[in-house]
Amino acid sequence: MTTLQKAKMVIDKDYRISEIDKRVYGSFVEHLGRAVYGGIYEPGHPTADEQGFRKDVIELVKELQVPIVRYPGGNFVSAYNWEDGVGPKEERPRRLELAWRTVETNELGTNEFMDWAKKVNSEAMMAVNLGTRGIDAARNLLEYCNHPSGSYWSDLRIKHGYEKPHNIKTWCLGNEMDGPWQVGHKTPVEYGRLALETAKAMKLLDPSIELVSCGSSSIEMPLFPEWEAITLDHTYDHVDYVSLHQYYGNRNNDTASYLAKSLDMDAFIRTVIATCDYIKAKKRSKKTVNLSFDEWNVWYHSNDQDQKLEPWTVAPPQLEDVYNFEDALLVGCMLTTMLNHADRVKMACMAQLVNVIAPIMTENGGRAWKQTIFYPYYYTSVYGRGIALHSVINSPKYDSKEYTDVPYLESAVVYNEEKEEVVIFAVNRNLEEALELNCDIRSFEDFKLVEHVVLEHDDPKAINTASTENVLPHANGISKVQDGSLESVLPKMSWNMIRLAKSSLK
Ligand code: AHR
């Protein structure tokens, strides 16, 4: 008889990290590849609505319950003239788009995006161009979007058919300005000064907005975390968040190391928190700057294909990563990592939403389907609302080529007081063996098991296509609740959601 590896966990409703800001389940739509054209918008498509939005995609996005969508970029925003995308469509210019070397038709712009956001029950996180432009373009866009009427830009919006202001609350001060690939790349001092002055002007115009200062483009950037320290030294008093971006890939085909990459994400978050708090201390400030992890995902499958694409075409198939089962596991781990920092990570955007490194894929004129990574994102977004709880975990560990002391069990726990429900999200990183989980549920003693959903597959490289859903969750997980404890079996290489509630009928 083989004995399973065992992990122990203790959870208690009084061990609170923080209320989860629902905006951690945000996503991102950039004018890039087929994210907009062929993704959310395709006038000739059989499901297109009166504005040309694909209703099949709208339904899938609504399923994910995405509370905020970042727009219009990404690298795209750093050379974007927002004025090109408003007003009569027939007068909008076709532009050579420099970030991705395509042709931008500007058929869809700010107003149409805001209409779409409403249709998917989402709000916008709008980015301003601090690459080729600056204070003036940013404050004009804000006036166009948020000022009610009686000024040049607000009246222009009304003339364009949008009587009511969009009231966009969250704004990014540029994108990845530390990256040499960025059009209008800046040194930290250049960016710090420009972001500060732009922030001041924007908040003078609309003090109710929240601003995100650009952090490093990834943990590997040479200036990290000095970039954060220098730029926040300028912007601290005028911004509310600093951004983090991170993508991972399994380039060495080393799954054990790949699944441990969320530990690196955890270290990234901890360092950014420490840097924010260092500047807070330096300034003797009472204000806390929080984190906006506004680009995160797996991105590497499409890298070689993208090299072969012709430049200057409209909506080419760029960054179309086809995700496999192991990617879904890492995405699950990244989500739990952010939930375990719910006290400081207040916003996050899975990058991106449709076609471009995305949970949703489409064919032009055809079907839309769910990639493997859709599932952990879906369940965490739908059921991960409430209070993030600290859990005391004792898990067996492993060493991989790149990491040491990696716990097999990766987990986050969410308590929804209103629904009287507690949800455990758990990944078993063990590639060979199941993990027996014993969870002391103390104050949840009278809670019953509602469901144990499992995402598992024998083949880490299994993918979903338009015609075959190979990687699908099932609700036959092995769990039982008895005498104040939960006993579960987490299959080898699996993502799990175990839901307990006062009433098991939910
Ligand atoms: O999401 C794809 C790209 O990744 C974004 O445009 C950029 O901000 C990042 O480098």
Side-chain angles (χ1 to χ4, degrees), residues 26-37 39-40 66 68-80 82 97-102 104 113 124-132 170-186 191 195 212-224 227 231 241-249 265 268 291-307 309 311 315-323 327 331 334 347-361 371 373 377:
S27 190
F28 179 25
V29 169
E30 177 168 3
H31 281 255
L32 154 58
R34 298 189 309 121
V36 171
Y37 307 111
I40 66 169
V66 184
I68 192 163
V69 182
R70 189 162 173 254
Y71 176 85
N75 297 340
F76 170 81
V77 80
S78 296
Y80 179 50
W82 67 268
E97 197 291 294
L98 300 183
W100 305 102
R101 305 188 73 228
T102 61
E104 172 56 54
F113 176 76
M125 179 192 284
M126 188 66 73
V128 300
N129 174 353
L130 292 192
T132 58
T170 316
W171 294 77
C172 300
L173 295 165
N175 175 71
E176 296 191 347
M177 300 308 305
D178 64 327
W181 58 87
Q182 207 68 221
V183 180
H185 162 229
K186 309 258 182 299
Y191 174 73
V212 185
S213 192
C214 273
S216 297
S217 304
S218 80
I219 196 172
E220 289 93 28
M221 293 303 287
L223 283 185
F224 174 76
W227 171 276
T231 57
Y241 308 91
V242 61
S243 71
L244 296 83
H245 290 181
Q246 189 68 44
Y247 297 97
Y248 293 114
M265 183 188 207
F268 188 15
L291 278 56
S292 170
F293 214 124
D294 47 43
E295 285 190 35
W296 68 271
N297 203 350
V298 169
W299 173 14
Y300 79 106
H301 297 285
S302 61
N303 292 166
D304 295 341
Q305 287 144 246
D306 284 346
Q307 309 289 327
L309 294 169
Q318 290 167 315
L319 280 65
E320 298 206 355
D321 274 43
V322 174
Y323 292 115
D327 298 330
V331 160
M334 292 173 89
M347 300 193 285
C349 302
M350 176 187 259
Q352 299 192 6
L353 188 55
V354 189
N355 290 329
V356 170
I357 42 175
I360 299 168
M361 290 298 284
Q371 295 233 56
I373 62 168
Y377 182 27

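Order of listing sets the numbers, starting from 1, for every ligand and every atom in it. Numbers here simply count residues along the sequence, with the first being 1.
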* Measure across Ser216 and Phe268 and return the closest heavy-atom pair with its distance rounded to 0.1 Å. =>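 So the minimum-distance heavy-atom pair works out to O-CZ, 4.4 Å.
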For ligand 1, is any non-hydrogen atom under 4.0 Å from [X]'s backbone (N, CA, C, O), its side chain (CB onward), both, or neither?
{"X": "Asn75", "answer": "both"}
{"X": "Val356", "answer": "neither"}
{"X": "Trp100", "answer": "side chain"}

* Asked: Measuring from the heavy atoms of Phe76, does anything fall under 4.0 Å of ligand 1?
  ->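 Distance cut 4.0 Å: Phe76 fails for ligand 1.
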* Please confirm whether Asn297 comes under 4.0 Å of ligand 1, counting heavy atoms of the residue only. =>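 Asn297: no contact with ligand 1 (<4.0 Å).
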List the closest protein heavy-atom neighbour of [atom]: residue, atom name, distance to the nearest 0.1 Å.
{"atom": "atom 6 (O) of ligand 1", "result": "Glu30 OE1, 2.6 Å"}
{"atom": "atom 10 (O) of ligand 1", "result": "Glu176 OE1, 2.7 Å"}
{"atom": "atom 9 (C) of ligand 1", "result": "Glu295 OE1, 3.0 Å"}

Test of proximity, [X] against ligand 1: N or O pairs below 3.5 Å:
{"X": "His245", "answer": "no"}
{"X": "Tyr247", "answer": "yes"}
{"X": "Trp299", "answer": "no"}

* Report yes or no: do Asp178 and Ser217 form a side-chain donor-acceptor pair below 3.5 Å? =>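 On atom types as modelled, these side chains qualify, holding a pair under 3.5 Å.
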Under 3.5 Å donor-acceptor, [X] side chain and [Y] backbone:
{"X": "Tyr191", "Y": "Cys214", "answer": "yes"}
{"X": "Asn297", "Y": "Ala351", "answer": "yes"}
{"X": "Gln371", "Y": "Met361", "answer": "no"}

* Asked: Does the pair Tyr71 and His31 meet the rule for a ring-ring contact (aromatic ring centres under 6.0 Å, His included), with working shown?
  -> CA-CA 8 Å; Tyr71 176 85; His31 281 255; 5.3 Å; yes
* Near Phe28, which atoms of ligand 1 are under 4.0 Å from a heavy atom of that residue? ->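 Going through ligand 1 atom by atom, the ones under 4.0 Å from Phe28 are 1 (O).
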* Asked: With under 30° as parallel and over 60° as perpendicular, where do the rings of Tyr323 and His301 fit, or are they tilted in between?
  ->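 Aromatic pair Tyr323/His301 classed perpendicular.
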* Roughly how far, to the nearest 0.5 Å, is CD of Glu176 from CG of Leu130? ->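 Leu130 CG to Glu176 CD: 13.5 Å, rounded to 0.5 Å.
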